[in-house]
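Everything below concerns the one structure shown next.
Being a predicted model, the structure only gives us computed values, none of them experimental.
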Amino acid sequence: MWSLLTHAWLPARFKDGRLGKIAPSQLADENIIDIATPRADLQGAAWQFLIGLLQTALPPEDSEEWEDIWHDGLTEQQVTEAFARLEHAFQFGPAAPSFMQDIEPLKGDPIAIGQLLVEAPGAQTTKFNKDHFVKRGTLERLCPHCAALALFALQTNAPSGGQGYRTGLRGGGPITTLLELKHTDATRHYPLWRKLWLNVMPQPQDESLAYDARIFPWLAPTRTSEKASGITTPENSHVLQAYWGMPRRFHIDFANTVEGHCDLCGEHHPALLQQITAKNYGVQYVGWRHPLTPYRRPKKEGGELFSLKGQPGGLVYRDWLGLMWETQSENNEEYPAEVVTAYQSHKLREPGLRVGLWGFGYDFDNMKARCWYEHHTPLLMLTDEQWKQLKEPIQRAVANAARQLSFLKSALKEAWFDNPKEARGDFSFIDVDFWHQTEPRFTAFLDNILPDTDTPLTTKQLEKITDQEKEWQGYLRRFAMNYFDEHVFTHPEQNKLGRMMKARKKCFVIEKKPSTGKKKQEATA
């Protein structure tokens, strides 16, 4: 058995550029600037693992204490003493309890250790030789370090996996949004603990808190879910289990090992792990809201909260507003991750400090991982008064883009097909092109309207916003027409030019002429 808290197992990057392994108990070391895993999904998992540790072991009582630690720094003694209380829950090896595995033996045939990675072909895929793109046999041996992180990543992001194989606490394929710290001076590097601390929230102190199975479910027999009543809620466990959810039942075989190089990180290890045992009907989570994930609620009556999931094309600026502020789209009420809301209350203002959002997650089609997406977006740091002034203009800008996209898709179908309403096929590439290609101009729109200070916007600044909105509308119209021309008139059919030109008119956003009074009419879209 070895400790996931004091053993050096996480790959990290240091200030001088070298790479090496660190233990979480070393987080106070200012020379450690980032995690450096061999895969993007494991990088996100490692950050969430460390954030969960800090939130569980070292939560600040309020914003004042959060800021005290931010300014004074973490000490090695603080981290060591806090993590010592969790040692019993973070042992990894053949004896029980072992991190994120059933405390009781599991019966069943062993499967390859590579099944801990979400894109690995399953038994049915392999049986029918459908593993054309992700081949079998590429991940057969993992070192214990990679296995522990892969296990955490799967438990955190578990997609649907067949009958009784539960999704993660946030549902399958959730989007995670973390606050990321940068400096205007690209040569300056913040220590890792500061980057993590941005994502730790104030939490009321509970002197009677026991670090038991209510937080770490692998410390007791699994709360299985064969029956409908076998659900796990924040009320019958502890809210901190959100960071340590265990929907899947696993046993790693620590006895059947070989010496060699890890198929994931490439490092040599004397005891590479080869197989695991899995069983269905693990913990079924109901009624949870994960602090690191944005949520949506349908506007229709009785709609329940659901976590934002990965979609083809990833996160686009249509989603940005709901990642930072409570707002509404056409169909949903949108709620940012709780950690983002908590950070907005700190109002950190330091020379050169820049805070943004790092969003990432898989796009799943049921059990199949289609793509991994990552996005880095600016964080809108606004006062409540500024938000009131800017909310509607920003929402209008996004709504105008969505409306223009709708016009463009309709126009393209009418130009391409004799019966556009009966057109069949995947037209999602148009959406992906539109949102990604217009994003730089939308970012410029935001830069032009966002204030530089915490004071409310003046009348002159508000008038400038109106002008910027009109410029944005004009840009969208020109983009749609150019896109239409590129995809329709490259090889036009002479007998269909009339139909094409008629369809092209849909790409125009019609603006009303100014009235004779002082007030000008706004564009209709």
Side-chain angles (χ1 to χ4, degrees), residues 2-54 57-58 69-80 82-84 87 90 92 99 116-117 139 141-153 176 178-200 259-273 350 352-356 358 360 372 374 376:
W2 52 278
S3 169
L4 293 173
L5 301 182
T6 59
H7 179 80
W9 67 284
L10 283 172
R13 187 180 306 279
F14 294 82
K15 188 182 295 185
D16 59 8
R18 65 188 172 89
L19 301 176
K21 295 286 183 73
I22 66 165
S25 57
Q26 295 175 252
L27 277 181
D29 186 344
E30 300 261 332
N31 292 308
I32 302 169
I33 62 171
D34 203 356
I35 295 299
T37 66
R39 287 170 47 121
D41 57 344
L42 298 188
Q43 181 81 356
W47 271 66
Q48 291 180 81
F49 176 84
L50 294 174
I51 291 167
L53 282 180
L54 290 173
L58 268 170
I69 292 178
W70 172 264
H71 293 298
D72 298 340
L74 280 178
T75 67
E76 182 180 353
Q77 183 178 355
Q78 277 179 299
V79 175
T80 300
F83 285 4
E87 274 285 349
F90 287 87
F92 190 67
F99 179 68
L116 290 176
L117 299 163
L139 291 166
R141 303 180 301 179
L142 299 182
C143 68
H145 299 170
C146 287
L149 194 51
L151 175 62
F152 176 78
T176 299
L178 301 182
L179 294 152
E180 61 177 356
L181 184 62
K182 295 183 178 181
H183 197 277
T184 50
D185 180 359
T187 63
R188 177 171 174 178
H189 298 292
Y190 287 103
L192 176 60
W193 79 262
R194 283 193 182 276
K195 299 174 183 178
L196 298 170
W197 193 250
L198 283 186
N199 297 279
V200 176
E259 182 178 354
H261 292 274
C262 174
D263 288 338
L264 198 54
C265 69
E267 292 188 6
H268 183 272
H269 197 277
L272 296 173
L273 302 168
E350 294 182 8
L353 182 144
R354 294 290 182 271
V355 177
W358 171 27
F360 54 83
W372 169 265
E374 282 193 46
H376 300 270

In this structure, CG of Leu142 is separated from CG of Leu149 (nearest 0.5 Å) by 11.0 Å
Could you tell me whether Arg39 atom CZ has more than 12 heavy atoms of other residues or ligands within 6.0 Å of it?
-> yes
Side-chain heavy atoms of Pro38 within contact of Leu264, under 4.5 Å = yes
Verdict with reasoning, Ile22 to Phe14, per side chain to side chain contact (heavy atoms under 4.5 Å, CB included) = CA-CA 10 Å; Ile22 66 165; Phe14 294 82; 3.7 Å; yes
How long is the span from the OG1 atom in Thr176 to the CG atom in Asp41, to the nearest 0.5 Å?
-> 11.5 Å
Intermediate values then yes/no, side chain to side chain contact (heavy atoms under 4.5 Å, CB included), Phe360 and Leu178 | CA-CA 9 Å; Phe360 54 83; Leu178 301 182; 3.8 Å; yes
Starting at CD of Glu267, measure out to SG of Cys262 and round the result to the nearest 0.5 Å.
-> 8.0 Å
Heavy atoms only: give me the nearest Trp372-Ala40 pair and the separation to one decimal.
-> NE1-CB, 3.3 Å
Over all heavy atoms of both residues, which pair between Leu139 and Asp263 is shortest? Give the atoms and the distance, please.
-> CD2-O, 3.5 Å
Are the side chain of Asn199 and the backbone of Ile51 linked by a donor-acceptor contact shorter than 3.5 Å?
-> no
Can you list the residues that meet the ring pair (Phe, Tyr, Trp, His ring centres under 6.0 Å) rule with His7, with sequence neighbours excluded?
-> Trp2, His145
When rounded to the nearest 0.5 angstrom, what is the spacing between CG in Leu192 and NE2 in His189?
-> 13.5 Å
Ring centres under 6.0 angstrom apart (Phe99, Trp9) | no
Glu87 atom CD, neighbour heavy-atom count above 12 within 6.0 Å = yes
Between Gln26 and Ile32, is any pair of side-chain heavy atoms under 4.5 Å apart?
-> yes
Heavy atoms of Gly73 and Gln78 approach each other most closely as O-OE1, 3.7 Å
May I have the step-by-step check of side chain to side chain contact (heavy atoms under 4.5 Å, CB included) for Leu50 and Trp193, ending in yes or no?
-> CA-CA 9 Å; Leu50 294 174; Trp193 79 262; over 6 Å; no
Note, Ile69 side chain near Leu74 side chain (heavy atom, < 4.5 Å) = yes
Is any side-chain heavy atom of Pro191 less than 4.5 Å from a side-chain heavy atom of Asp29?
-> no
Looking only at atom types and distance, does a side-chain atom of Gln43 sit under 3.5 Å from a main-chain N or O of Thr37, one as donor and one as acceptor?
-> yes
CG on Leu53 to CG on Leu58, rounded to 0.5 Å | 9.5 Å
Taking atom types as modelled, find out whether Trp47 and Asp34 have a side-chain donor-acceptor pair closer than 3.5 angstrom.
-> yes
Sequence neighbours left out, what passes ring pair (Phe, Tyr, Trp, His ring centres under 6.0 Å) with His268? Give chain and number order.
-> His261
Side-chain donor/acceptor of Lys182 to backbone N/O of Gly356, under 3.5 Å = no
Looking at Tyr190, is Arg194 sitting on its ring face, NZ or CZ under 6.0 Å from the six-membered ring centre and within 45 degrees of the normal?
-> no
Do Phe49 and Pro24 come within less than 4.5 Å of each other through their side chains, counting heavy atoms only?
-> yes
Are the side chains of Leu181 and Trp197 in touch, meaning some heavy atoms are under 4.5 Å apart?
-> no
What are the two closest non-hydrogen atoms of Ala153 and Leu42, and how far apart are they?
-> CB-CD2, 3.9 Å
For Leu19 and Ala36 the tightest heavy-atom approach is CD2-CB, 4.0 Å
Indicate yes or no for a side-chain donor-acceptor contact from Glu180 to the backbone of His376 under 3.5 Å, with no hydrogens or angles considered.
-> no
Between Ala46 and Leu10, which heavy-atom pair has the shortest distance, and what is it?
-> CB-CD2, 4.3 Å
Could you walk me through whether Ser25 and Leu5 pass the side chain to side chain contact (heavy atoms under 4.5 Å, CB included) test, one step at a time?
-> CA-CA 6 Å; Ser25 57; Leu5 301 182; 5.5 Å; no
